[in-house]
There are 2 protein chains.
Amino acid sequence: MTYLSADERRRVIVDAAVRVIATEGLAGATTRRIADQAGVPLGTLHYCFRNKDELNLLILGRGHATMLSAFEGLDREAGFEATVREVVATYWRWIRDHHGLHLSLMELLMWAIRNKEAVLPGRDVWAEVNAPFGGDLIASALAAAAERDGLRTAVPVPELARFLIHRMDGLVLELAETSDEASCERQTLLLADALVLLALPRQGSG
Amino acid sequence: MTYLSADERRRVIVDAAVRVIATEGLAGATTRRIADQAGVPLGTLHYCFRNKDELNLLILGRGHATMLSAFEGLDREAGFEATVREVVATYWRWIRDHHGLHLSLMELLMWAIRNKEAVLPGRDVWAEVNAPFGGDLIASALAAAAERDGLRTAVPVPELARFLIHRMDGLVLELAETSDEASCERQTLLLADALVLLALPRQGSG
DNA sequence: GCAAATGTTGGTCTCGTGACCAAGTCATGT
DNA sequence: ACATGACTTGGTCACGAGACCAACATTTGC
């Protein structure tokens with residue numbers, strides 16, 4: 001095994017861990033299996049990480065970062081409706097192509113929620129792990145698009161972003177349960193429609 | 001310990017298991033803890049259930065049944081919009097008041113998905129566990145309400161029902177992550193609005 | 001080119017925990 | 001009193017986490 005800096009080695013192990021957890025689930029992602037997948041002895045793993053909690057958090061971070069990268073190709077010139085549809089479609093494609101991983105990230109998220117205090121005493125797991133992703137990227141993309149259109153949305157953009165993100169969370173379960181890609185894809189179209197309708201100023205109310 | 005029929009004993013244990021899983025999570029719901037909570041020795045638990053998988057499935061079923069009962073008071077005379085809002089509000093109240101349980105049910109669901117073949121070889125976990133709940137109850141309530149209004153929805157009612165159910169799934173995570181009830185409640189209002197907008201026949205398209 | 005720091009190996013040990021089972025005991029109806 | 005079903009006890013077996021270690025390899029600074 002080649003010589004790597006501890007940082008590089010950590011990267012390699014976390015990558016392997018992401019692979020393991022995507023296929024085996026959180027419960028099946030034992031330190032031994034991860035070490036095995038990374039091609040390093042167990043001792044190395046304990047040399048690189050204080051404990052499994054630390055590793056888990058890094059997996060969560062890496063997973064979200066991977067997801068983030070799916071949104072890099074977003075068209076930053078498009079109008080509001082086009083942007084909504086593009087974000088939803090991109091998100092959907094990512095889930096479809098990585099649903100094992102996304103499911104596991106949800107398991108990890110639940111784990112983090114349940115072990116908040118033990119894992120990150122006093123800190124806000126959610127804000128730390130997710131805000132850079134959902135909170136910023138999607139909300140700001142939508143806000144910028146709305147601004148380009150001179151659109152003052154009927155519902156605040158951050159609320160629309162959360163609506164989008166968490167409907168997609170539901171979709172992960174839906175896909176895992178039914179394995180019906182066509183139906184799930186139809187749901188994403190529905191979601192895009194809904195977001196557009198919610199955003200447009202309405203006749204009836206303010 | 002009093003003598004009970006095996007069926008009664010099973011009921012008691014499943015009840016205890018639901019309590020344990022709601023507070024400790026799936027990983028923390030060990031046979032020992034469950035037996036402890038039920039006030040029976042560990043052996044009794046293995047006397048009553050073939051194995052833990054069987055118990056898990058029963059917990060899942062009980063959890064969903066509990067949830068089902070929240071919808072018993074639905075107004076079966078109301079129109080479409082009122083029914084949508086009532087279903088969403090009822091669902092939301094249940095989640096808010098039982099979010100530990102709902103979170104655990106999602107963990108169990110993931111477990112069932114990952115162990116499909118081992119647990120229910122050949123059978124469809126999802127259809128068996130969830131269809132009686134979401135698929136039937138909510139979809140049929142909405143369909144009946146639409147019919148009362150003479151409303152031919154722009155989107156098929158079953159799709160609206162799935163949209164509703166899985167947006168609520170996302171909400172469970174959202175609530176667990178943020179603990180921000182007010183924000184989550186606003187999201188439910190948004191969801192109801194979206195469903196109504198999606199259902200109404202639109203000007204632009206067919 | 002040498003020494004010190006850093007990373008690697010592979011193995012072992014303990015500790016806790018989890019699922020599960022076999023053989024026994026007890027209650028209850030007949 | 002005795003058969004049967006209901007429960008108890010005490011254990012087995014497997015496995016994961018985490019810690020430790022002693023020798024070995026590779027860099028890096030000097």
Side-chain angles (χ1 to χ4, degrees), chain A residues 1-17 19-21 23-60 104 107-108 110-112 114-115 118-120, chain B residues 1-21 23-60 104 107-108 110-112 114-115 117-120:
Chain A
M1 152 143 271
T2 57
Y3 233 67
L4 294 179
S5 77
D7 275 351
E8 266 302 301
R9 177 75 50 222
R10 262 186 283 271
R11 236 187 48 74
V12 168
I13 293 176
V14 171
D15 278 347
R19 260 173 284 138
V20 172
I21 203 178
T23 58
E24 314 281 339
L26 180 55
T30 67
T31 52
R32 286 168 221 272
R33 253 200 274 252
I34 291 169
D36 206 50
Q37 169 71 229
V40 301
L42 185 57
T44 301
L45 201 144
H46 284 103
Y47 174 78
C48 290
F49 307 97
R50 245 198 314 288
N51 52 34
K52 201 172 178 209
D53 288 354
E54 184 179 323
L55 178 54
N56 275 345
L57 280 178
L58 289 172
I59 299 172
L60 194 47
S104 296
E107 290 183 86
L108 265 176
M110 291 187 188
W111 164 83
R114 291 219 186 265
N115 300 65
V119 171
L120 286 179
Chain B
M1 149 154 260
T2 56
Y3 254 59
L4 293 180
S5 78
D7 274 351
E8 265 302 303
R9 182 68 61 216
R10 261 186 284 272
R11 237 187 49 74
V12 168
I13 293 176
V14 172
D15 278 348
V18 168
R19 260 173 284 137
V20 172
I21 203 177
T23 57
E24 312 282 340
L26 178 55
T30 66
T31 52
R32 283 172 222 273
R33 253 199 275 244
I34 291 169
D36 206 50
Q37 170 72 228
V40 302
L42 186 56
T44 301
L45 199 145
H46 286 101
Y47 172 79
C48 290
F49 306 96
R50 243 199 315 289
N51 51 36
K52 193 156 183 224
D53 289 354
E54 183 179 324
L55 177 55
N56 275 344
L57 280 177
L58 289 172
I59 298 172
L60 195 48
S104 296
E107 291 184 87
L108 264 177
M110 290 187 191
W111 163 83
R114 289 215 187 268
N115 301 65
E117 291 314 307
V119 171
L120 286 179

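Not measured: the values here are computed from a predicted model. Hydrogens, waters and symmetry mates are skipped; everything else that's a heavy atom, side chains included, is used.
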- Ile21(B) CD1 to dG18(C) P: how many Å, rounded? 14 Å
- Note on the structure: Rounded to whole Å, the CG-C1' distance (Asp53(B) to dC20(C)) equals 13 Å
- Item | Nearest-nucleotide comparison on DNA chain D, the residue closer to the 5′ end among Leu42(A) and Tyr47(B) | Tyr47(B)
- In whole angstrom, what separates Phe49(B)'s CZ from dA6(D)'s P? 13 Å
- Task: Please identify each residue that fulfils side chain to side chain donor-acceptor pair (under 3.5 Å) with Glu8(A), with sequence neighbours left out.
- Result: none
- Message: What is the separation between atom CG on Asn56(A) and atom P on dG16(D), rounded to the nearest whole Å?
- Response: 15 Å
For nucleotides 23-26 of chain C, print each protein N/O atom paired with a nucleotide N/O atom at under 3.5 Å, atom names and distance only.
| from | atom 1 | to | atom 2 | distance (Å) |
| --- | --- | --- | --- | --- |
| dC26(C) | O2 | Tyr3(B) | OH | 2.9 |

- So the side-chain hydrogen bond (donor to acceptor under 3.5 Å, both in side chains) pairs with at least one residue in residues 33-42 of chain B (sequence neighbours excluded) are Arg19(B)-Gln37(B)
- Message: Checking contacts here: which listed nucleotide (dA19(C), dT9(C), dA17(D)) is nearest the side-chain heavy atoms of Lys52(A)?
- Response: dA17(D)
- Task: Would you please name every residue forming a salt bridge (charged side-chain N to carboxylate O under 4.0 Å, His left out) with Glu24(A), sequence neighbours left out?
- Result: none
- Message: Near DNA chain D, counting only heavy atoms under 4.0 Å, which residues of residues 29-37 of chain A show up?
- Response: Thr30(A), Thr31(A), Arg32(A)
- Message: Go nucleotide by nucleotide along DNA chain D from the 5' end; which of Asn51(A) and Ala6(B) gets its closest nucleotide reached first?
- Response: Ala6(B)
- Return the value, rounded to whole Å, for the distance between atom CG of Asp7(B) and atom C1' of dG5(D). 13 Å
- Task: Please identify each residue that fulfils salt bridge (charged side-chain N to carboxylate O under 4.0 Å, His left out) with Asp15(A), with sequence neighbours left out.
- Result: Arg11(A), Arg62(A)
- Message: Do Asn115(B) and Asn56(B) have side chains that approach each other closer than 4.5 Å (heavy atoms only, starting at C-beta)?
- Response: no
- Report the residues that fulfil side chain to side chain donor-acceptor pair (under 3.5 Å) with Arg10(A), sequence neighbours left out, ordered by chain and then residue number. Asp7(A)
- Message: Can you give me the closest heavy-atom contact between Gly25(B) and Ser104(B), atom names plus distance?
- Response: CA-OG, 4.0 Å
- Message: Distance check needed: dT28(C) P versus Leu4(B) CG, whole Å only.
- Response: 11 Å
Anything under 3.5 Å between a donor and an acceptor, one on a side chain of residues 45-52 of chain B, the other on a protein residue two or more places apart or in another chain? List them.
| from | atom 1 | to | atom 2 | distance (Å) |
| --- | --- | --- | --- | --- |
| Arg50(B) | NH2 | Glu54(B) | OE1 | 3.4 |
| Asn51(B) | OD1 | Asp53(B) | N | 3.2 |
| Asn51(B) | OD1 | Glu54(B) | N | 3.0 |
| Lys52(B) | NZ | Ala29(B) | O | 2.9 |

- Query: dG16(D) C1' sits how many Å from His46(A) NE2, rounded?
  - Reply: 10 Å
- Query: Roughly how many Å is it from CZ in Arg9(A) to P in dA25(D), rounded to a whole number?
  - Reply: 16 Å
- Message: Does dG7(C) have OP1 or OP2 under 4.0 Å away from a side-chain N or O of Ser5(A)?
- Response: no
- Item | For the student: nearest non-hydrogen atoms of Val12(B) and Leu4(B), plus distance | CG2-CD1, 4.2 Å
